[in-house]
Amino acid sequence: MALSLVHSTLFSKTSQLLLHTKIGFSHFSSSIPFSTSALPSNPKTWRRPVISVLELGGVKIARDDVVRDDPTNNVPDTIFSKLGLQLHRRDQHPLGILKNTIYDYFDTNYSNKFDKFDELCPIVSVKQNFDDVLVPADHVSRSYNDTYYVDSQTVLRCHTSAHQAELLRKGHTHFLVTGDVYRRDSIDSTHYPVFHQMEGFRVFSPDEWEASGMDGTSFAAEDLKKCLEGLATHLFGAVEMRWVDTYFPFTNPSFELEIYFKEKWLEVLGCGVTEQEILKRNGKLNNVAWAFGLGLERLAMVLFDIPDIRLFWSDDERFTSQFSKGQLGTKFKPFSRYPPCYKDMSFWISESFTENNLCEVVRGIAGDLVEE
Ligand code: DAH
């Protein structure tokens, strides 16, 4: 069992048990730019001024379409304000850098065959988010406690798997979908109610597995493992890996890939051979397919040494200036949790001056906020 939990895959049995167990990354105390105590205890009553209209993939979305005072709606302003940010589309942001590095792997190894989507609207139907990927009617992830509902039939996607069916129907056979996903959750250094996933999907036709002498499912499972082991090596270099059997409603068999990193087994992604029912419903009668879903924050925290998931949302220059386009794995350097404040001062001192005298004068006025 992997120890680190940054939004582990929601639908696997093991992960459900662990979802609210805080193990793994230690709490990061002194260097986060803002503390949880500054966050509202009840986001519905505490209102930060928010933009009222945002544009997503060319579509205008009004705040009132998403945040409503209505019992079927549980989306607070704080979540609405995240909808248009699209951190994964910023080339200088760790999540964008990671996305582009994964794109490079697929482009190189599959000669640009994978179609890429990173601007699909995160507001989806209950059908897309759950029914289309065979999530059972009584599954816990459908509850108002776990998912953000815009109304009884519309949610903020809780995984990028929500787009599998529509893309299959549109005829795509190789695709990667990257996007922000939303899950109601407590906030701490490894959990945040908005994070980012990448979904991968590949469809095979009978001639591809028939020549191998294998059945379609074994062929797809073998290809999937080879592809993802290659991806892990591309991201982490030569690392030890292991496959763990698991359960997802949309794949059978289903696996998790773990890598051994800094003396711990780290769960990297969930994947499997797509349930035949999903293919059948979407016009792929004689095919088999594989799919995977990976959490970008979890990987980026490890690759860039970022100790707190909240940092990804920081627009503090001391965070954003540390990363550059195409540079995977630059190591994050912690900075003060207090806002930067540059002031030059000159003054005359007497012979009896000591630094502590000065510090006490300053602290007498500014209090403990002054660090040095
Ligand atoms: N949608 C899953 C989650 O968020 C992740 C996942 C697992 C996606 C297996 C897949 C898959 O496509 O095959 O928990």
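Counting convention: from 1, in listed order, for ligands and their atoms alike. Here the structure is a predicted model, which is why all the values come from computation and not from measurement.
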Sequence neighbours excluded and cut-off under 3.5 Å, please list the side-chain donor-acceptor pairs for residues 225-233, or say none.
{"from": "E229", "atom 1": "OE2", "to": "W243", "atom 2": "NE1", "distance (Å)": "2.7"}
{"from": "T233", "atom 1": "OG1", "to": "E229", "atom 2": "O", "distance (Å)": "2.9"}

* Full working for side chain to side chain donor-acceptor pair (under 3.5 Å) between E297 and H196 -> CA-CA 7 Å; E297 274 83 350; H196 297 76; 2.7 Å; yes
* **Test log, rule side-chain contact (heavy atoms from CB on, under 4.5 Å), inputs T330 and Q322** => CA-CA 8 Å; T330 315; Q322 294 198 27; 5.7 Å; no
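If you check the side chains of S205 and D207, you find a donor sitting under 3.5 Å from an acceptor.
Atoms of ligand 1 lying under 4.0 Å from any heavy atom of C271, numbered from 1 in the order shown and given with element: 9 (C), 11 (C), 13 (O). Atom numbering of ligand 1 starts at 1 in the shown order; those under 4.0 Å from a heavy atom of Q164 are 12 (O). Within ligand 1, the atoms closer than 4.0 Å to a non-hydrogen atom of G293 are 6 (C), 8 (C), 10 (C), 12 (O), numbered from 1 in the order shown. For ligand 1, the atoms sitting less than 4.0 Å from at least one non-hydrogen atom of T251 are 13 (O), numbered in the order shown with element in parentheses. Each of the atoms 13 (O) of ligand 1 lies under 4.0 Å from some heavy atom of G272. Close approach to Q197 involves these atoms of ligand 1, each under 4.0 Å from a residue heavy atom: 3 (C), 4 (O). The ligand atoms of ligand 1 that sit less than 4.0 angstrom from a heavy atom of G270 are 7 (C), 9 (C), 11 (C).
With atom 11 (C) of ligand 1 as the reference point, the heavy atom nearest to it among F250, F255, Y247 is part of F250.
Considering Y182, F250, F195 as possible partners of H159, the one that fulfils the ring pair (Phe, Tyr, Trp, His ring centres under 6.0 Å) test is F250.
Not counting sequence neighbours, R90 has no partner by the salt bridge (charged side-chain N to carboxylate O under 4.0 Å, His left out) test.
R157 and D180 are joined by a salt bridge, as a carboxylate oxygen and a charged side-chain nitrogen come within less than 4.0 angstrom of each other.
Some N or O of A291 is nearer than 3.5 Å to an N or O of ligand 1, by distance alone.
Ligand 1 lies nowhere less than 4.0 angstrom from a heavy atom belonging to E256.
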